[in-house]
Asks: 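Pasting in a structure now, in structure tokens, and then I'll have a few things to ask.
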Amino acid sequence: ETGVTQTPRHLVMGMTNKKSLKCEQHLGHNAMYWYKQSAKKPLELMFVYNFKEQTENNSVPSRFSPECPNSSHLFLHLHTLQPEDSALYLCASSQDPTENTEAFFGQGTRLTVV
Amino acid sequence: QQQVKQSPQSLIVQKGGISIINCAYENTAFDYFPWYQQFPGKGPALLIAIRPDVSEKKEGRFTISFNKSAKQFSLHIMDSQPGDSATYFCAALKDTGRRALTFGSGTRLQVQP
């Protein structure tokens with residue numbers, strides 16, 4: 001275990017559903033990230049939170065809505081998704097985003113949009 | 001525009017052989033270059049990392065070679081083992097501004113017994 005826990009591990013949702021992905025880190029880190037991993041594509045950064053404040057939104061469609069209530073928890077709220085949004089969504093955390101520190105990843109949520 | 005280009009996309013190596021994965025970057029603001037290893041059903045995990053002030057870093061069977069002038073870096077896995085079969089991602093991090101990793105597209109390594 002890396003200290004970053006994601007739930008659920010698998011999720012199937014319809015295009016009209018609303019669901020949320022959860023990430024929790026037990027490492028005392030200050031930065032948290034959402035990445036999207038699609039087949040045969042690089043990991044795509046979606047959002048960055050630094051000390052609970054969103055510092056980057058990488059041109060992500062509004063149907064993805066992040067929430068960071070504290071430095072240990074990160075959510076990704078999903079609504080009216082498209083089939084092309086099916087992917088592995090990875091959460092990561094790091095100690096200090098201003099330094100070159102290791103990013104620890106969770107196991108991801110495999111999302112299928114039907 | 002892909003800022004970190006990785007090759008090959010897939011690689012098959014015999015047990016005991018050397019696995020070599022290459023990456024190239026364009027942005028000279030990158031100053032930290034990690035390699036991540038990902039097994040099926042798991043998230044990526046840091047394997048080894050290098051900064052541009054050194055040309056090589058070795059940890060066990062894993063070595064990063066870094067060529068700053070060519071803006072290239074590579075991962076060498078010596079004495080490759082079936083347990084090394086995984087997907088490997090190179091990545092880069094800027095010294096200023098955006099403080100999140102930019103990843104290569106990944107290389108799926110299969111080490112045959």
Side-chain angles (χ1 to χ4, degrees), chain A residues 1-7 9-10 21 23 25 27 29-51 53-60 66 74 87-110, chain B residues 1-10 21 23-27 29-54 57 59 64 66 73 86-108:
Chain A
E1 296 298 327
T2 64
V4 180
T5 304
Q6 290 187 244
T7 55
R9 293 292 309 278
H10 302 272
L21 309 185
C23 177
Q25 58 98 358
L27 302 168
H29 288 169
N30 297 313
M32 296 188 77
Y33 313 81
W34 280 116
Y35 283 88
K36 176 183 178 183
Q37 186 174 28
S38 305
K40 299 182 179 180
K41 292 178 68 175
L43 278 79
E44 300 173 70
L45 178 68
M46 299 176 72
F47 301 103
V48 180
Y49 277 83
N50 181 16
F51 293 96
E53 299 295 324
Q54 186 180 132
T55 57
E56 183 157 349
N57 176 338
N58 199 26
S59 301
V60 180
L74 185 64
L88 181 69
Y89 288 85
L90 290 161
C91 172
S93 70
S94 64
Q95 174 64 38
D96 185 342
T98 64
E99 298 291 331
N100 293 338
T101 56
E102 177 181 357
F104 290 80
F105 284 84
Q107 291 185 317
T109 295
R110 175 68 63 184
Chain B
Q1 184 180 2
Q2 192 172 339
Q3 294 198 52
V4 180
K5 296 182 179 180
Q6 183 172 348
S7 63
Q9 185 175 348
S10 62
I21 304 171
C23 283
Y25 63 96
E26 299 173 0
N27 193 330
F30 290 137
D31 71 338
Y32 175 69
F33 302 89
W35 285 88
Y36 279 77
Q37 180 188 55
Q38 185 178 25
F39 292 104
K42 302 287 187 182
L46 180 66
L47 185 64
I48 187 173
I50 197 168
R51 299 180 191 277
D53 53 343
V54 297
K57 183 175 182 179
E59 292 184 0
I64 300 179
F66 186 83
F73 58 110
T87 300
Y88 293 81
F89 295 92
C90 61
L93 187 67
K94 290 182 186 177
D95 57 352
T96 58
R98 171 169 155 171
R99 300 298 294 173
L101 293 166
T102 298
F103 284 89
S105 55
T107 297
R108 178 171 289 182

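Side chains are part of it too, since the values below use all heavy atoms of this structure and drop only hydrogens, waters and symmetry mates. Below, read A as the first sequence line, B as the second, and so on, with proteins coming before strands; counting in each chain starts at 1.
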Asks: In Å, rounded to the nearest 0.5 Å, how long is the span from CZ of A:Phe105 to CG of B:Leu46?
Replies: 10.0 Å

Asks: Mind checking whether A:Gln37 and B:Phe89 have side chains closer than 4.5 Å, heavy atoms only?
Replies: yes

Asks: Check each atom of A:Arg9 against the heavy atoms of chain B and say whether the ones under 4.5 Å are side chain, backbone, both or neither.
Replies: side chain

Asks: Apply side-chain contact (heavy atoms from CB on, under 4.5 Å) to B:Gln38 and A:Leu88, showing your working.
Replies: CA-CA 13 Å; B:Gln38 185 178 25; A:Leu88 181 69; 4.1 Å; yes

Asks: So which heavy atom on A:Leu90 is nearest to which on B:Pro44, and how close?
Replies: CD1-CD, 3.8 Å

Asks: Do any N or O atoms from the side chain of A:Tyr33 and from the backbone of B:Leu101 form a donor-acceptor pair under 3.5 angstrom?
Replies: no

Asks: Could you walk me through whether A:Leu43 and B:Tyr36 pass the side-chain contact (heavy atoms from CB on, under 4.5 Å) test, one step at a time?
Replies: CA-CA 11 Å; A:Leu43 278 79; B:Tyr36 279 77; over 6 Å; no

Asks: For the CD atom on B:Glu59, are there more than 12 heavy atoms of other groups (residues, nucleotides or ligands in this structure) within a distance under 6.0 Å?
Replies: yes

